[in-house]
4 protein chains.
Amino acid sequence: MSTTPRSRLRAQKTPLPHAAVQQDGTRRRILEEALQLFANEGFHGASIRTLAKAVGLQPSTLYSHFPSKEHVLAELARVGHEAHHEALREALLSAGPGPVEQVRALVRAHTLQHATHPQLAVVVNEELYALAPELAAPALAQREKSSALLVEAISRGVALGVFTPPEVLVTAAAIATMGLRIPYWYEPSEALPIDRLADLHAELALRMLGVRLSP
Amino acid sequence: MSTTPRSRLRAQKTPLPHAAVQQDGTRRRILEEALQLFANEGFHGASIRTLAKAVGLQPSTLYSHFPSKEHVLAELARVGHEAHHEALREALLSAGPGPVEQVRALVRAHTLQHATHPQLAVVVNEELYALAPELAAPALAQREKSSALLVEAISRGVALGVFTPPEVLVTAAAIATMGLRIPYWYEPSEALPIDRLADLHAELALRMLGVRLSP
Amino acid sequence: MSTTPRSRLRAQKTPLPHAAVQQDGTRRRILEEALQLFANEGFHGASIRTLAKAVGLQPSTLYSHFPSKEHVLAELARVGHEAHHEALREALLSAGPGPVEQVRALVRAHTLQHATHPQLAVVVNEELYALAPELAAPALAQREKSSALLVEAISRGVALGVFTPPEVLVTAAAIATMGLRIPYWYEPSEALPIDRLADLHAELALRMLGVRLSP
Amino acid sequence: MSTTPRSRLRAQKTPLPHAAVQQDGTRRRILEEALQLFANEGFHGASIRTLAKAVGLQPSTLYSHFPSKEHVLAELARVGHEAHHEALREALLSAGPGPVEQVRALVRAHTLQHATHPQLAVVVNEELYALAPELAAPALAQREKSSALLVEAISRGVALGVFTPPEVLVTAAAIATMGLRIPYWYEPSEALPIDRLADLHAELALRMLGVRLSP
DNA sequence: AATGAATGAGCCTTCATTCAT
DNA sequence: CATGAATGAAGGCTCATTCAT
């Protein structure tokens with residue numbers, strides 16, 4: 001009854017993270033367009049034909065670059081998780097040794113990543129289920145490692161008596177979750193620039209952990 | 001390369017909320033099975049054939065009960081949003097007049113709803129994009145009203161000087177978001193029963209709002 | 001439902017006949033692999049990609065050696081029919097002038113050819129229909145000449161009163177047919193070596209023609 | 001370079017054997033057209049689209065009647081082998097107890113079957129390789145049983161001293177083979193009607209077995 | 001000779017849906 | 001209400017082939 005081009009996100013087209021930039025020309029263009037399509041219409045909702053048309057190729061040509069539609073998603077998942085993990089790791093490295101600084105750094109990086117690459121965040125978080133287990137595995141492993149970084153920082157803070165969360169894992173989940181929904185409601189604006197959002201999320205995270213910053 | 005029955009949720013099959021129980025037998029069984037399928041495989045990933053088989057009917061028979069596949073999703077969305085909104089309203093009614101009590105009641109109800117009906121939560125939150133605007137509209141309207149309830153409670157607390165969030169809307173989003181991801185990681189257990197999870201989320205919400213409960 | 005590598009023949013990989021040996025290296029390797037593939041999976045069932053992989057080349061490279069997939073089959077057909085015809089001609093030359101000796105020589109050669117080159121026999125006999133008429137024509141012409149050799153030998157035997165078949169053409173067809181099915185059931189063994197099979201078929205042929213050898 | 005509608009057989013369209021006549025209307029028409037197509041262009045050379053068009057249906061409609069293209073072939077194989085086996089069995093039943101009569105009856109039935117249903121014979125003999133093993137299995141089992149009938153009759157004749165073949169199995173193979181190639185060269189004519197062909201093949205078979213009928 | 005990207009037609013099959021029964 | 005045959009569009013993917021390098 002209705003031919004509906006509906007879109008899941010408010011975000012405009014955003015570039016791939018640096019991790020994927022080095023890829024060869026056509027392959028990269030395929031990834032870029034697939035990112036938009038999978039983000040907006042879902043993996044199952046986007047067709048190879050639509051993707052090919054978006055890239056300006058014949059459907060069959062896609063198979064010179066990826067062995068299947070699933071592999072395109074798998075590559076996006078790999079790129080997305082890698083970029084995310086790298087961002088967290090760098091944040092941790094440039095933060096001081098204190099748990100407060102570290103959590104702040106982690107949350108800021110997490111937030112910035114999701115606000116800067118909303119489509120990638122959505123695809124990586126919502127469409128992974130469409131992947132065969134063996135193709136999803138690498139991404140899931142990296143995801144585990146990323147969330148461990150936060151849990152460890154929190155645990156150290158608890159051990160040091162700096163953090164007093166009501167329960168560590170539930171609180172860690174709550175903190176990580178704040179970032180995940182960003183693509184669905186947030187749009188950068190002068191009133192709320194990305195960097196300010198990152199600060200706010202860090203502040204909220206620390207509040208959940210029982211840290212009182214301003215009296 | 002892979003024949004993969006992959007599932008998005010850890011949750012087992014859960015019943016429809018009371019709001020949908022009154023529906024006629026077959027129609028209700030269709031909704032129940034559609035709920036499982038849309039939750040696990042996505043709206044586009046689940047086919048009318050699969051749904052029919054799950055219900056024990058021929059595909060064509062579904063059209064005696066719903067005018068289209070989209071309408072099945074729309075009905076689930078209606079039911080889900082209605083149940084959710086109703087839960088929030090009741091929570092608010094049975095809470096006292098204080099903002100702390102009200103936020104606690106709202107967050108608890110929000111959490112309970114998502115933990116008790118994880119499939120419905122997922123379908124309602126992730127699959128609405130597959131609906132034509134006119135079919136999604138009622139659900140989106142109700143969603144607006146629901147989130148307004150929280151924002152209002154927070155705002156009154158701010159006005160009364162009870163709450164001191166760093167920023168009202170971002171904080172409200174963070175609080176609401178805690179609930180939305182529950183289906184993806186939470187499973188009821190003795191160590192963390194649903195009611196305890198609700199308490200924890202309420203506590204975390206109040207912390208974000210600057211309320212110090214235990215000294 | 002099934003990913004099935006099925007094979008039509010029991011025969012292992014066999015070499016091309018001498019007639020084709022003189023061909024240049026890569027071109028010959030293409031013919032050799034095509035022979036296996038066309039024999040086992042049929043002309044339409046084997047793809048240029050599979051063939052290229054078997055040879056260790058890219059699909060496009062095949063076109064440096066043959067103008068099309070059909071031409072590969074045509075060349076196999078040519079080689080096969082030529083080798084077959086050559087074998088019959090040589091057999092006839094080294095046989096004495098008597099019809100019995102000649103039929104024996106022809107049948108033996110026919111049998112040996114089919115037992116020694118089962119793949120080629122299958123391709124040449126079963127896959128020719130996949131060729132455009134103009135490409136199939138040379139092979140069909142040679143086939144005509146080959147079967148004429150047998151019919152002539154028989155006819156002379158009849159004229160001389162040595163052979164008393166119930167009907168010349170049907171008997172000739174029956175004799176020729178014995179060889180054609182060899183690839184489907186025969187495997188060389190100590191109990192039934194190729195040469196013995198050839199003798200048996202010759203004996204059977206002569207019996208059909210009414211010749212009583214052993215009293 | 002060439003769009004070639006080539007045909008493997010000289011035979012015109014022939015009906016399905018009685019065994020398949022009882023099938024429901026559309027399903028049967030699919031089988032009938034598939035028989036022509038698979039016989040003339042091979043299983044891989046015939047497409048679902050071509051088949052659908054020949055039946056006057058949409059391609060998708062075929063899947064209301066058969067779960068896959070392979071299953072259509074499997075059903076033809078079943079029907080063909082069943083009809084063939086049935087013909088042999090009936091021939092044996094109406095023959096007297098003597099080995100000569102029995103071989104004559106078997107060969108006549110075998111020949112009649114192949115001359116009357118040439119396309120079925122071709123499909124059943126040449127296209128079975130395109131079937132997944134589990135789908136081909138029933139047909140292969142029946143084939144085994146059918147050829148056992150001939151071998152048994154011959155063996156009994158040998159035991160009784162009536163037959164003196166040079167070697168039982170090779171002779172049996174030669175006898176059975178005569179029938180298999182009929183579709184490729186035989187066309188019913190006044191000069192050589194089907195029944196006469198059957199007599200000739202029976203005569204040739206008995207000659208191979210060492211039986212001298214007319215002095 | 002060989003490559004790899006690209007093509008356009010075509011592959012088998014599944015899709016949501018309709019309709020006569 | 002329920003069915004089963006039918007539809008027409010679209011699904012992911014493979015086909016043989018071309019061409020610039």
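Only heavy atoms go into these numbers, but all of them, side chains included; no hydrogens, no water, no symmetry mates. In what follows, chains are A, B, ... by sequence order, proteins preceding strands, each numbered from 1. What you see is a predicted model, and the numbers here were worked out from it, not measured in a lab.
- Legend: residues meeting side chain to side chain donor-acceptor pair (under 3.5 Å) with Thr50(B), ordered by chain and number and at least two apart, are Ser47(B).
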Treat a base pair as Watson-Crick or G-U wobble with both distances under 3.5 Å, then lay out DNA chain F in dot-bracket form, 5' to 3', with | for cross-strand pairs. .||||||||||||||||||||

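- Here the P atom of nucleotide dG11(F) and the CZ atom of Phe43(A) are 13 Å apart, to the nearest Å.
- Legend: residues meeting side-chain contact (heavy atoms from CB on, under 4.5 Å) with Arg27(B), ordered by chain and number and at least two apart, are Gln23(B), Asp24(B), His65(B), Phe66(B), Glu75(B).
- Distance, Arg27(B) CZ to dA2(F) P: 13 Å, rounded to whole Å.
- Computed from coordinates, the Lys53(A) NZ to dG12(F) P distance equals 13 Å when rounded to whole Å.
- Applying the side chain to side chain donor-acceptor pair (under 3.5 Å) test to Ser68(D) and every residue at least two apart in sequence or in another chain returns His71(D).
- Listed by chain and number, the residues in a side-chain contact (heavy atoms from CB on, under 4.5 Å) with Ala137(B) amount to none (sequence neighbours excluded).
- Remark: Arg49(B) engages no residue in a side chain to side chain donor-acceptor pair (under 3.5 Å) (not counting sequence neighbours).
- A straight line from CG of Leu73(B) to P of dA16(E) spans 13 Å, rounded to a whole angstrom.
- Atoms CD (Glu70(C)) and P (dA16(F)) sit 11 Å apart, rounded to a whole Å.
- Between the CZ atom of Phe66(C) and the P atom of dA1(E) there is a distance of 12 Å, rounded to whole Å.
- Checked against side chain to side chain donor-acceptor pair (under 3.5 Å), His81(B) has the following partners two or more places apart in sequence or in another chain: Arg143(B).
- Partners of Ala39(C) by side-chain contact (heavy atoms from CB on, under 4.5 Å), not counting sequence neighbours, listed by chain and number: Leu9(C), Gln119(C), Val123(C).
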When you check every protein heavy atom under 4.0 Å of nucleotides 6-11 of chain E, what one-letter string (B, S, -) results, 5' to 3'? BBB-BB

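- Residues Ala77(B) and Ala139(B) approach most closely at CB-CB, 4.1 Å, considering heavy atoms.
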